[in-house]
There are 2 protein chains.
Amino acid sequence: MIDKHSPMPIYYQIEEAIKERIDKGEWREGDMIPSEREFSEMYHISRMTVRQAVTNLVSDGYLIRQIGRGTFVARRKIQQKLFGLTSFTEDMKGRGMKPGTRLLDFRTVSASGPIAEQLQIPDGGEMYEIKRVRSADDLPMALEITYLSEDLVRGLTEEDVYGSLYGYVEKELGMTIGYATQELESSVAREAESRTLGIAEGAPLLLIKRFSYLEDETPLEIVYSAYRGDRYKFVVGMHRNRTDSNG
Amino acid sequence: MIDKHSPMPIYYQIEEAIKERIDKGEWREGDMIPSEREFSEMYHISRMTVRQAVTNLVSDGYLIRQIGRGTFVARRKIQQKLFGLTSFTEDMKGRGMKPGTRLLDFRTVSASGPIAEQLQIPDGGEMYEIKRVRSADDLPMALEITYLSEDLVRGLTEEDVYGSLYGYVEKELGMTIGYATQELESSVAREAESRTLGIAEGAPLLLIKRFSYLEDETPLEIVYSAYRGDRYKFVVGMHRNRTDSNG
DNA sequence: TAGTGGTCTAGACCACTTC
DNA sequence: AAGTGGTCTAGACCACTAC
């Protein structure tokens, strides 16, 4: 089951093996899994390598360690997804809905002001401006405006933005997305939004502003979204930091 | 600087030492910090111990590792807080505002229905129901209703809920908070909320439902909040999961 | 007492980046 | 070629939990 000569790291192979057993129901929520020493003997690898695998699965929310007792399968497996940054497409699929896109506008504009600054585009640089209506199960869900540095994702075409921009950046461009900050606020629909989203004026809107970054902190995109308040709930999982109390 | 005979783990001492140097500005954003081998020789400890410290600081957002290049101080230090779960009190302080509480109601009620189920309170058990108006700089910010299992935090008094419930649970009860899931949606104020929060009927409200859990996944609390849309933005940082693509 | 996870050592070889 | 982080080993002692 573990191939020591595979190019895949051993700890990664162990992670996959453990996750598979959990997914198959072989180990259920709350079950104790084999101890680190047992894994170590089972696969003929050192305990530190097992620990690396287990540590990763703990921080991914699959496992829980308890000193002196053992390591256990975490409950609420469904909620694990809530902790990860997702694209609209992934988000809707995760909710069991069919994501769709209507492209309103796709152009490059000269960068200036705070948007250019956030995207670290020098004076005179260009950026993509993409306006889309995102739908779920063929009904409008959100209005989105995305900005990207042209330099960073040069060659982006209209076809590329009908699906997941994150998917494109990761799979086609081979970049690694690191994190994003998001600001959410409550608002009400004005005339323009109500028409585009098919809701009444004054109906609740959830406004989201997102700044995405690559793993090395290169700014990737800015997204302004307006989600229909009657169809969309933003769901997020947050961990308590070890360092919070230090302020 | 490093005390090998201290009860504090060595890796933790290194973490603190690195954070201090960053906070003091000795190492600035984007700077390369000493290599793992340099730390290892500097403190006369093994490289694996250094790695444990650095790994923790990377996942806390302080450092960034780049293969073949080195380890660097992360940019956007201010945004590090965004990734951690905070109480209302901590949240407001982080925004530079003075948190306050007006207690509307504090009682124990018999648990039943989905709330009892979520809090894992058996039939016939009791739970605390706490209604508070939370203020920032002496102006109403949110209306909150909190439910806690009486069994878990037995002996809670009215005085305890004027400040941070998280602080009380962690410092007084010695429990460790693990994580929470939160659902956010946009709504508009009705008569009751508009009166309590001092806003107009129909004004935007940000509704937040929070389920908190201890480290061992014991459900700690349920909180329903209604934040004033004109005063409050929810801000959150999210990391891209290694496991997202696997769905 | 036996077993668990927590911490730590003193090495090793690898792929990668920089020069 | 030299230096970096990534992976891995084969042990060790500790505090804690369960019995």
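The chains referred to below are lettered A, B, ... by the order of the sequence lines, with proteins before strands, and numbering in each begins at 1.
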Would the distance check show the side chain of B:Q182 and the main-chain N or O of B:I208 forming a donor-acceptor pair, the cut-off being under 3.5 Å? no
Is the distance between the ring centroids of B:F234 and A:F234 less than 6.0 Å? no
With B:S110 via side-chain hydrogen bond (donor to acceptor under 3.5 Å, both in side chains) - residues at least two apart: none
For B:E172, which residues count as a side-chain contact (heavy atoms from CB on, under 4.5 Å) partner, sequence neighbours excluded? B:Y168
Rounded to whole angstrom units, what separation is found between the CG atom of A:D216 and the C1' atom of C:dT17? 14 Å
Which letters describe nucleotides 2-10 of chain D, given B = protein heavy atom under 4.0 Å from base, S = only from sugar-phosphate, - = neither? -BBBBBBBB
Using a distance-only test with no angle check, is there a side-chain donor-acceptor pair under 3.5 angstrom linking B:T49 and B:Y43? no
